[in-house]
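What follows is a set of notes on a single structure, which appears directly below.
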Amino acid sequence: MIPVSRELLGGDADVVAPLLLNKLLVHGSCTGRIVETEAYRPDDPASHSYRGQTARNAAMFGSPGTLYVYFTYGMHYCANVVTGPPGEGAAVLLRALVPVTGQDLMRTRRGGRPALADGPAKLCQALAIGPEHNASDLLGGGPIHLLDDGSAPPAQPLVGPRIGISKSVDAPWRFRVPR
DNA sequence: GGAACGATCTGC
DNA sequence: CAGATCGTTCCC
């Protein structure tokens, strides 16, 4: 059980996104295995970084391994892992986790609903990831950790178009662990 | 200063 | 399938 290497996260977002599959996201007693990711490159019109750095997306321009949390639809938070060299503005959206530890707490945080972390906003709610965690380091002494337990990413991840965006909808930058 | 629009989720 | 709900961005 070791932190994901910063080197691994230094590549292009669409290369790193499938490599994050099967890694673990840990916050306190709650752990989830990452089973769906989505790449956002800086040259992508659908990326928050496309129009340059702003107060909202500043964390995206940090070092690889930085957590970028954003608020959307007036009620939801979503979590990204910053990738690429510092200042580039690339990230991988975490879209789904399979709960590994802390299911009871996750269920409580999810209001008793059965779906715990199978969506980008749901996983933030389940792991209690919020704006206070924006720009924290996932590979260091921060509250949230990105860990490698030795499980390899899938040899043949399912690849498809991204979801919930209106630009670059055809780019095959969504990755999933096959079941 | 104002309006439009979301990297979503839920309940009907 | 539409409503919730508000920060960010962009345009005037």
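Just so we're on the same page: letters track the sequence lines, and every chain starts at 1. Here the structure is a predicted model, which is why all the values come from computation and not from measurement.
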For A:G89 and A:S49, work out which heavy atoms get closest and say how close. O-OG, 2.5 Å
Could you note down all residue pairs passing salt bridge (charged side-chain N to carboxylate O under 4.0 Å, His left out) where residues 26-42 of chain A supplies at least one of them, sequence neighbours left out? A:D12-A:R41, A:D14-A:R41, A:R33-A:D149, A:E36-A:R95, A:E36-A:R174, A:E38-A:R95, A:R41-A:D43
The single option from A:L116, A:L127, A:V35 that satisfies side-chain contact (heavy atoms from CB on, under 4.5 Å) with A:L97 is A:L127
Any residue of residues 122-139 of chain A with a heavy atom less than 4.0 Å from an atom of DNA chain B: A:K122
Proximity to DNA chain B (any heavy atom under 4.0 Å), residues of residues 112-121 of chain A only: A:R113, A:G119, A:P120, A:A121
Does A:R174 reach a base, just sugar-phosphate, or nothing at all? Heavy atoms under 4.0 Å. nothing
The dot-bracket string of DNA chain B, counting Watson-Crick and G-U wobble pairs with both distances under 3.5 Å, using [ ] for crossing pairs and | for pairs to another strand, is ||||||.||||.
Need two values: the first and the last nucleotide of DNA chain C, 5' to 3', having an atom under 4.0 Å from any heavy-atom of chain A. C:dA4 to C:dC10
Is there a side-chain polar atom (N or O) of A:R95 under 4.0 Å from OP1 or OP2 of B:dC9? no
Salt bridge (charged side-chain N to carboxylate O under 4.0 Å, His left out) partners for A:R6, two or more places apart: A:D137
Given A:K23, which partner from the list A:P3, A:P153, A:S151 fulfils the side-chain contact (heavy atoms from CB on, under 4.5 Å) test? A:P153
Mind jotting down which residue pairs meet the ring pair (Phe, Tyr, Trp, His ring centres under 6.0 Å) criterion with at least one end in residues 103-128 of chain A? Sequence neighbours excluded, please. none
Looking at residues at least two apart in the chain, or sitting in another chain, which of them share a salt bridge (charged side-chain N to carboxylate O under 4.0 Å, His left out) with A:R176? none
Heavy atoms from other residues, nucleotides or ligands near CD of A:E7 exceed 12 (cutoff 6.0 Å): no
Which residues in residues 44-74 of chain A have a heavy atom closer than 4.0 Å to any atom of DNA chain B? A:A46, A:H48, A:M60, A:Y70, A:Y73, A:G74
So, with a heavy-atom separation below 4.0 Å from DNA chain C, the residues of residues 77-94 of chain A are none
Are A:W173 and A:D44 packed together at the side-chain level, in the sense that at least one heavy-atom pair is separated by less than 4.5 angstrom? yes
Quick one: does A:I34's side chain get under 4.5 Å of A:N22's, heavy atoms only? no
Name each donor-acceptor pair under 3.5 Å that joins a side chain in residues 62-71 of chain A to protein atoms two or more places apart or in another chain, with its distance.
| from | atom 1 | to | atom 2 | distance (Å) |
| --- | --- | --- | --- | --- |
| A:T66 | OG1 | A:S63 | N | 3.4 |
| A:T66 | OG1 | A:S63 | O | 2.7 |
| A:Y68 | OH | A:H48 | ND1 | 2.9 |

A:Q125 side chain to A:R109 side chain, donor-acceptor N/O pair below 3.5 angstrom: no
Cluster check A:L24, A:I2: I/L/V/M/F/W/Y, side chain < 4.5 angstrom: no
State which residues pass salt bridge (charged side-chain N to carboxylate O under 4.0 Å, His left out) with A:R51; sequence neighbours excluded, sorted by chain then number. none
Return the value, rounded to whole Å, for the distance between atom CD of A:E36 and atom P of B:dT8. 11 Å
Protein-nucleotide distance (A:R109, atom CZ; B:dC9, atom P), rounded to Å: 17 Å
ILVMFWY cluster, A:I144 and A:V92 together (side-chain gap under 4.5 Å): yes
Measure across A:F61 and A:G52 and return the closest heavy-atom pair with its distance rounded to 0.1 Å. CZ-C, 3.8 Å
Do you reckon A:L139 sits in the same ILVMFWY cluster as A:L8, going by side-chain contacts under 4.5 Å, direct or chained? yes
Is there a path from A:L138 to A:L147 through hydrophobic residues (I, L, V, M, F, W, Y) whose side chains come within less than 4.5 Å of each other? no
